[in-house]
Trainee: 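Got a structure for you, questions after.
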Amino acid sequence: MLNDVSTALMPAAVYIGDGAIEVQQLPVPALGAEEALVEVSHCGICGTDLHLVLERYARPGSVLGHEWSGTIAAVGSDVANWEAGARVVLDPTPGCGECRACRRGRPAVCLRREPPDLLDFSRGAFCRYKLVPAARLVRIPDSLPTRAAALTEPTAIALHTVNLANVTPDDRVLVTGGGPVGLLTVAVLRSRGVTDIVVSEPAAARRKRALAVGASAVVAPEELPRAQMGRTVEAPFTVVFECSGHAAAAESALDQLDYAGTFVFVGTGNAPPRVNHNRVIVLEQTLIGAYNYDGTGFRPALELLASGLLPLELLIEPLDIGLDEVLPTMHRLAAGELPGKVMVTPRASSGTDPRPGSA
Ligand SMILES: [Zn+2]
Ligand SMILES: [Zn+2]
């Protein structure tokens with residue numbers, strides 16, 4: 001337990017510019033009346049973190065990491081319904097309920113939400129303590145380990161993606177990109193009874209993991225056929241999830257889409273793909289984007305994670321890393337070496353034991 005927060009320091013992985021991260025000792029943030037101070041248990045490395053660091057968008061001095069779970073260390077004076085020791089994640093900011101996006105049932109793109117400042121992730125969770133508004137905390141179900149609860153945010157995204165696409169067990173689905181996002185998408189599809197799922201992925205380790213997670217088949221990207229003008233390929237897909245963010249993968253994936261098929265852009269990337277609008281017209285296809293979460297927040301994701309329906313041990317890499325290994329691990333993730341989600345524990349060095357009481 002934290003006794004004196006005013007003078008305490010905590011280890012943090014700080015982006016220092018030029019694609020570099022350094023472990024520094026930062027002051028533990030001061031607790032406000034309606035806030036809770038959460039001791040981070042685990043924080044997953046997200047594709048967004050890779051973009052921000054490896055493509056150097058992040059603001060020097062910022063701490064990244066947003067896929068976290070933790071335990072309350074202290075609560076502010078006005079917080080009545082939470083106590084130290086509770087295991088929690090943070091629910092997303094709800095939509096306003098009134099703007100035209102919210103009225104159409106799409107709070108993920110609420111017009112009154114502050115625009116995401118991709119440069120300012122200064123309150124990230126690659127550090128020991130995180131300050132949060134207590135009103136937005138959600139309790140982790142008893143049956144779900146805290147470590148696995150760090151998958152809540154990406155699971156909520158995968159659920160939103162699958163819900164937007166209206167996938168049914170009759171669908172034949174292609175997932176391009178077999179990294180953490182693609183694997184979670186496959187796992188969520190399986191939990192919905194979808195079984196015809198092909199994953200296209202260049203890295204052999206990720207193809208192997210995709211099969212274990214529940215893909216019915218895997219292919220290397222170059223095995224996907226080119227479509228003839230105005231016609232589908234021989235075995236087209238009714239739904240495609242493009243999770244790689246690579247233009248070439250998206251262009252090839254568009255070729256695989258069936259008549260009246262639905263194509264979902266999930267992975268962001270630097271170079272935009274070329275879209276053959278003639279195909280979209282003639283085949284009456286639907287192209288959509290999926291971003292953020294359903295209006296129901298993180299509870300459905302927590303329930304799904306606690307349900308036992310997802311192969312958590314395949315979705316999370318077995319070895320957790322310390323703050324000093326965040327950057328080298330980002331490079332390994334970008335190279336496709338690691339299939340699953342890598343969890344960071346907020347200890348300064350991977351060589352040191354996790355702090356006591358971190359279970
Ligand atoms: Zn994320
Ligand atoms: Zn709104």
Side-chain angles (χ1 to χ4, degrees), residues 13 15 40-55 57-58 62-70 89-127 130 132 136 138 147-162 177 179-185 187-188 241-245 264-269 289-298 301-302 304-305 310 315-317 321 326 329-330 333-334 338-344:
Y15 181 72
V40 175
S41 166
H42 290 82
C43 182
I45 298 178
C46 175
T48 307
D49 298 322
L50 297 191
H51 286 300
L52 286 165
V53 171
L54 304 183
E55 290 157 26
Y57 294 121
S62 59
V63 174
L64 305 181
H66 54 271
E67 303 179 353
W68 59 271
S69 60
V89 295
L90 191 70
D91 226 15
T93 322
C96 72
E98 293 168 4
C99 73
R100 68 176 192 276
C102 283
R103 288 201 311 272
R104 293 175 70 186
R106 303 291 288 273
V109 285
C110 172
L111 274 64
R112 294 197 192 147
R113 178 163 293 174
E114 277 181 41
D117 181 354
L118 290 181
L119 296 174
D120 184 16
F121 271 65
S122 54
R123 284 169 296 176
F126 291 149
C127 59
K130 194 168 160 51
V132 296
R136 281 174 45 208
V138 187
R147 177 177 185 258
L151 271 188
T152 303
E153 195 261 6
T155 303
I157 289 182
L159 275 171
H160 182 56
T161 304
V162 168
V181 176
L183 293 178
L184 252 175
T185 304
V188 167
F241 295 95
E242 204 304 292
C243 299
S244 78
V264 192
F265 287 103
V266 183
T268 57
Y291 179 61
N292 275 346
Y293 328 108
D294 291 332
T296 43
F298 283 2
L302 276 170
L304 180 58
L305 287 166
L310 303 185
L315 297 172
I316 303 175
E317 288 301 298
I321 61 164
V326 169
T329 304
M330 283 179 169
L333 282 163
L338 299 160
K341 180 66 70 179
V342 175
M343 291 298 175
V344 179

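Counting starts at 1 for both ligands and their atoms, following the listed order.
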Trainee: Is H160 reaching over with its side chain to a backbone N or O of Y291, donor-acceptor style, under 3.5 angstrom?
Mentor: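 The answer is yes, because a donor-acceptor pair under 3.5 Å joins these two groups.
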Trainee: Mind reading off the angle at the Zn ion (ligand 2) between the SG atom of C99 and the SG atom of C110, rounded to 10°?
Mentor: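 Between SG of C99 and SG of C110, at the Zn ion (ligand 2), the angle is about 110°.
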Trainee: Between the main-chain N or O of T93 and the side-chain N or O of R113, is there a donor-acceptor pair closer than 3.5 Å?
Mentor: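 Looks like yes, one N/O pair under 3.5 Å.
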Trainee: Angle at the Zn ion (ligand 1): provide the value between SG of C46 and NE2 of H66, rounding to 10 degrees.
Mentor: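 Vertex at the Zn ion (ligand 1): approximately 100°.
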Trainee: Check whether any side-chain N or O of K341 sits under 3.5 Å from a backbone N or O of I45 as a donor-acceptor pair, and report yes or no.
Mentor: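 Such a contact is found between K341 side chain and I45 backbone.
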Trainee: Rounded to the nearest 10°, what angle sits at the Zn ion (ligand 2) between SG of C96 and SG of C102?
Mentor: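 The two atoms form an angle at the metal of about 120°.
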Trainee: Would E67 count as a contact for the Zn ion (ligand 1), in the sense that one of its N, O or S atoms lies under 2.8 Å from it?
Mentor: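 Yes, within the cut-off.
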Trainee: Do F241 and T161 come within less than 4.5 Å of each other through their side chains, counting heavy atoms only?
Mentor: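 Counting from C-beta outward, F241 and T161 do come under 4.5 Å.
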